[in-house]
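Remarks on the structure that follows.
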Amino acid sequence: EDQVTQSPEALRLQEGESSSLNCSYTVSGLRGLFWYRQDPGKGPEFLFTLYSAGEEKEKERLKATLTKKESFLHITAPKPEDSATYLCAVQAGGTASKLTFGTGTRLQVTL
Amino acid sequence: DTEVTQTPKHLVMGMTNKKSLKCEQHMGHRAMYWYKQKAKKPPELMFVYSYEKLSINESVPSRFSPECPNSSLLNLHLHALQPEDSALYLCASSHPAQETQYFGPGTRLLVL
């Protein structure tokens with residue numbers, strides 16, 4: 001059974017204090033790993049798709065990396081507007097279209 | 001443009017009511033999804049339509065009835081819901097070849 005574990009559950013950072021969120025996964029044949037950002041009461045906003053170990057993608061203050069067992073979302077010099085829940089999801093080969101989500105990391109960035 | 005729209009934004013219904021949630025996308029995606037999300041939990045897949053045909057039903061109770069009238073529209077018909085069905089209902093779509101799912105803003109449903 002595919003499994004996704006995110007850590008930490010919650011993270012509080014001061015503005016400018018860089019950190020990383022972790023997503024560990026167990027999947028039979030990774031088809032893709034996805035990062036989403038979700039604000040309270042809203043739908044998840046797509047951030048990145050990673051397909052193979054060693055792949056990296058960047059967008060503004062965010063950088064996602066992938067190994068064979070985990071993915072990291074690095075946040076550099078965060079701002080209060082980066083506060084949100086960050087969700088990781090995996091898609092396995094053979095389970096077309098089905099995403100397995102982690103429980104998310106709630107990030108709060110304070111001034 | 002990666003926009004998925006959902007209506008209504010909020011819905012309050014009694015347990016004997018019949019209502020429908022609507023979802024629309026104009027990205028040419030041929031796969032569309034319904035998810036249910038409870039507070040502080042990740043989205044849970046309910047249904048998947050691929051090329052307007054139901055391909056996945058995650059053992060969802062029959063009081064939820066999906067419909068895909070065409071490649072751009074997805075409906076979720078609700079009947080005789082229970083208070084525990086109160087949640088954020090999310091629609092998503094994807095291009096089958098790319099698989100990245102794009103989510104709509106959701107419908108906040110409250111069942112009284």
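All chains are named by letter (A, B, ...) in the order of the sequence lines, taking the proteins before the strands, and each is independently numbered beginning at 1.
Residues Y35(B) and L99(A) have side chains in contact (heavy-atom distance under 4.5 Å, counting atoms from C-beta outward). Within the 4.5 Å cutoff, the side chain of K98(A) has no heavy atoms near those of the V48(B) side chain. Between P43(B) and L87(A) the shortest side-chain heavy-atom distance falls below 4.5 Å.
When the shell of 6.0 Å around CZ of R63(B) is examined, it contains more than 12 heavy atoms from other residues, nucleotides or ligands. Within a 6.0 Å radius of NZ in K18(B), no more than 12 heavy atoms belonging to other residues, nucleotides or ligands are found. More than 12 non-hydrogen atoms from other residues, nucleotides or ligands lie less than 6.0 angstrom from CD of E81(A). More than 12 non-hydrogen atoms from other residues, nucleotides or ligands lie less than 6.0 angstrom from NZ of K57(A).
Of the atoms belonging to E44(B), not a single heavy atom falls under 4.5 Å from chain A. The parts of Q101(B) that come within reach of chain A are both its backbone and its side chain, each placing non-hydrogen atoms under 4.5 angstrom from that chain. Heavy-atom distances place no part of E45(A) under 4.5 Å from chain B, backbone and side chain included.
Between atom NZ of residue K42(A) and atom NZ of residue K9(B) there is a gap of 9.0 Å, rounded to the nearest 0.5 Å. Going from atom NZ of K40(B) over to atom OG1 of T103(A) covers 12.5 Å, rounded to the nearest 0.5 Å.
There is no path of hydrophobic side-chain contacts, each under 4.5 Å, that joins F48(A) to F101(A). The hydrophobic cluster containing L66(A) also contains L62(A), counting ILVMFWY residues as joined when their side-chain heavy atoms lie under 4.5 angstrom apart, directly or transitively. Placement of L73(A) and F34(A) in two distinct hydrophobic clusters is found when ILVMFWY residues are connected by side-chain heavy-atom separations under 4.5 Å, directly or transitively. Residues V60(B) and Y33(B) do not share a hydrophobic cluster, clusters being chains of Ile/Leu/Val/Met/Phe/Trp/Tyr side chains in contact below 4.5 Å. Note: the hydrophobic cluster containing F64(B) does not contain L45(B) (ILVMFWY, side chain heavy atoms under 4.5 Å, direct or indirect links).
Between chain A and the residues Q6(B), K41(B), E58(B), the most heavy-atom pairs under 4.5 angstrom are made by E58(B).
Of residues 70-91 of chain B, those residues lying under 4.5 Å from chain A by any heavy-atom pair are L88(B), L90(B).
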